[in-house]
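In each ligand, atom 1 is the first atom listed, and ligand 1 is the first ligand listed.
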Amino acid sequence: VTTLATTNKDPIGVAVVGAGYWGPNLVRNFQNNSGFQLHWLCDLDVERATRVVGRYSSVRPTADLGEVLADDRVHAVAVATPAGTHLEVALAALEAGKHVLVEKPLAASYAEGRRLVEEADRRGLTLMCDHTFCYTPVVTRLRELLHSGEVGELQYIDSVRINLGLVQRDIDVVWDLAPHDLSILDYVLPPNVRPVSVAAVGTDPIGAGRSCIAYLTLALSNGAIAHVHVNWLSPIKVRTVIIGGSKRTVVWDDVNPMLRLAIFDRGVDVATKDELGDQERRELLISYRSGDMVAPALGEREALAAMVEEFGRAIRTGTPPLTDGRAGLRVLGILEAASRSLAQGGATVPLTDMA
Ligand SMILES: NC(=O)c1ccc[n+]([C@@H]2O[C@H](COP(=O)([O-])OP(=O)(O)OC[C@H]3O[C@@H](n4cnc5c(N)ncnc54)[C@H](O)[C@@H]3O)[C@@H](O)[C@H]2O)c1
């Protein structure tokens, strides 16, 4: 079983499993990070892996995961295979003593995700879930704004992710797109605020056999509300998150590079005029704030580069990564509850048993 001394400054030996659409992005980022040395690219389709690494690379392509896991130089495995195979591949890697990075979603179900978290805990290994958006400069700033109290008390979050999307064969629009919104929500919410229930309605107007449009409403523990709108059938692409607080309102428009993030000192304030306890004469005093809008400067770093860096930091220090297995599990918990709600026509499903 591989162990890695925390003081070890040598590069962390790593293997990537899955050379499809996303795997090559991990390959590139591990190769660009001097804290890692990529040894293997594994894919059932070895031709594909060979094409990705090129003919003159020291990275070895293989179709045999066993060969990768038997290599003592490999301390960590990154899994970029379809979600239905995450449990099998990631569990084998953990059992071989490797630290593991899993693409989102962590697994195909909450129960599977929990097995991975428990196995990593038992072995003292790093388990990280690639919630890529959490490593973007915008989401990093959103988290700071909410955690520092700068936006005041959180009142609402409205997240829209709609476009003409690929209608997936095995999963509905909630499992396809909402993991992004839910992982962002999980990451930016202040530590004392958690989702407590979810209600979801969806529709399938084209007869695809699964929801192509869905609306999720989450109740948060501080009384705030979060709404997620995901849709495969919209002719226009909208990627907007609005976060309303008692002091500031933040608008993130991801398809507008000129003004990706705007912080508004605009909103509605309410004061109550209480005439010496006379309930009849108490009235609401509503006032409108119309202060400045600030567009903060944001870094340009590629999210996956920051994600890979965080994986290395977590392995070397033995501390949980920002998006650890538990974060992946919390997202799975909400997705499963949303599926239950969809099946019950939008019933409110409590989020119990969350990681
Ligand atoms: N973080 C992101 O923003 C992001 C974006 C896209 C995809 N993803 C995730 O990446 C993962 C892969 O998605 P994709 O679009 O690249 O899929 P894909 O179908 O394009 O590629 C998957 C590859 O895995 C290989 N494979 C399947 N089972 C395997 C196994 N048991 N062992 C080895 N290889 C195996 C297949 O041959 C294929 O080449 C999914 O979990 C997906 O959700 C994440």
Side-chain angles (χ1 to χ4, degrees), residues 14-30 39-53 59-71 74 77-96 98 100-109 112-113 116 127-136 138-139 161 163 165-184 186-187 230 232 239 254 302-311 321-323 325 327-329 331-332 335:
V14 64
V16 171
V17 187
Y21 163 65
W22 197 250
N25 292 324
L26 295 181
V27 166
R28 179 169 50 78
N29 278 282
F30 279 120
H39 293 297
W40 296 92
L41 176 57
C42 174
D43 197 297
L44 293 179
D45 180 349
V46 72
E47 300 288 315
R48 208 169 194 182
T50 307
R51 270 199 307 279
V52 171
V53 299
V59 180
R60 289 179 58 191
T62 180
D64 180 5
L65 181 64
E67 191 178 15
V68 174
L69 299 183
D71 183 345
V74 174
V77 172
V79 183
T81 58
T85 65
H86 286 181
L87 175 68
E88 170 198 337
V89 177
L91 197 60
L94 290 169
E95 285 169 353
K98 317 294 186 187
V100 172
L101 168 73
V102 186
E103 268 310 320
K104 64 88 200 162
L106 179 64
S109 71
E112 287 187 8
L116 292 178
L127 175 64
M128 177 164 174
C129 188
D130 175 20
H131 289 161
T132 313
F133 272 107
C134 300
Y135 298 93
T136 59
V138 175
V139 176
R161 189 172 304 277
N163 58 282
L166 196 64
V167 173
Q168 305 280 330
R169 288 168 187 283
D170 48 346
I171 49 172
D172 67 9
V173 71
V174 173
W175 280 79
D176 184 37
L177 296 183
H180 293 302
D181 307 271
L182 298 175
S183 60
I184 292 165
D186 183 72
Y187 188 67
V230 284
W232 280 328
R239 294 270 186 279
D254 206 41
E302 183 182 355
L304 274 189
M307 191 279 294
V308 160
E309 184 72 26
E310 173 65 3
F311 187 43
L322 286 169
T323 54
L329 198 51
V331 169
L332 289 176
L335 290 171

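When D43, D45, L41 are ranked by how near their heavy atoms come to atom 37 (O) of ligand 1, first place goes to D43. Evaluated by nearest non-hydrogen atom to atom 2 (C) of ligand 1, the leading choice among F133, Y135, W22, Y21 is W22. Between the choices V79, T62, V89, the shortest heavy-atom distance to atom 31 (N) of ligand 1 belongs to V89. Of the candidates A19, A108, A63, P82, P82 brings a heavy atom nearest to atom 19 (O) of ligand 1.
For atom 21 (O) of ligand 1, the closest non-hydrogen atom on the protein side is G20 CA, 3.2 Å. Taking atom 12 (C) of ligand 1 as the reference point, the nearest protein heavy-atom neighbour is A80 O, 3.3 Å. For atom 43 (O) of ligand 1, the closest non-hydrogen atom of the protein is K104 O, 2.7 Å. Atom 44 (C) of ligand 1 has as its closest protein heavy atom E103 OE1, 3.1 Å. For atom 26 (N) of ligand 1, the closest non-hydrogen atom of the protein is T81 CG2, 3.8 Å. Ranking protein heavy atoms by distance to atom 1 (N) of ligand 1, first place goes to T132 OG1, 2.7 Å. Residue, atom and distance of the protein heavy atom nearest to atom 34 (N) of ligand 1 are L44 N, 3.3 Å.
Note: no N/O pair closer than 3.5 Å links T85 and ligand 1 by distance alone.
Atom CG of L177 sits about 7.0 Å away from atom CH2 of W232, to the nearest 0.5 Å.
Remark: distances from the non-hydrogen atoms of H131 to ligand 1 are all 4.0 Å or more. Look at V17 and you'll find a heavy atom under 4.0 Å from some atom of ligand 1.
In this structure a side-chain-to-backbone donor-acceptor pair under 3.5 Å is missing from T81 to G18. Formation of a donor-acceptor pair under 3.5 Å by the E67 side chain with backbone atoms of T62 is not found in this model. The main-chain N or O of V74 is found under 3.5 Å from a side-chain atom of K98 such that the two form a donor-acceptor pair.
Classified by interplanar angle (parallel below 30°, tilted 30° to 60°, perpendicular above 60°), the ring pair F133/H180 is perpendicular.
The two residues A178 and V230 come nearest to each other via the heavy atoms N-CG1, 3.9 Å. Looking at every heavy atom in both residues, V174 comes nearest to L335 through O-CD2, 3.7 Å.
In summary, R48 and D43 do not engage in a salt bridge, as defined by a charged side-chain N under 4.0 Å from a carboxylate O.
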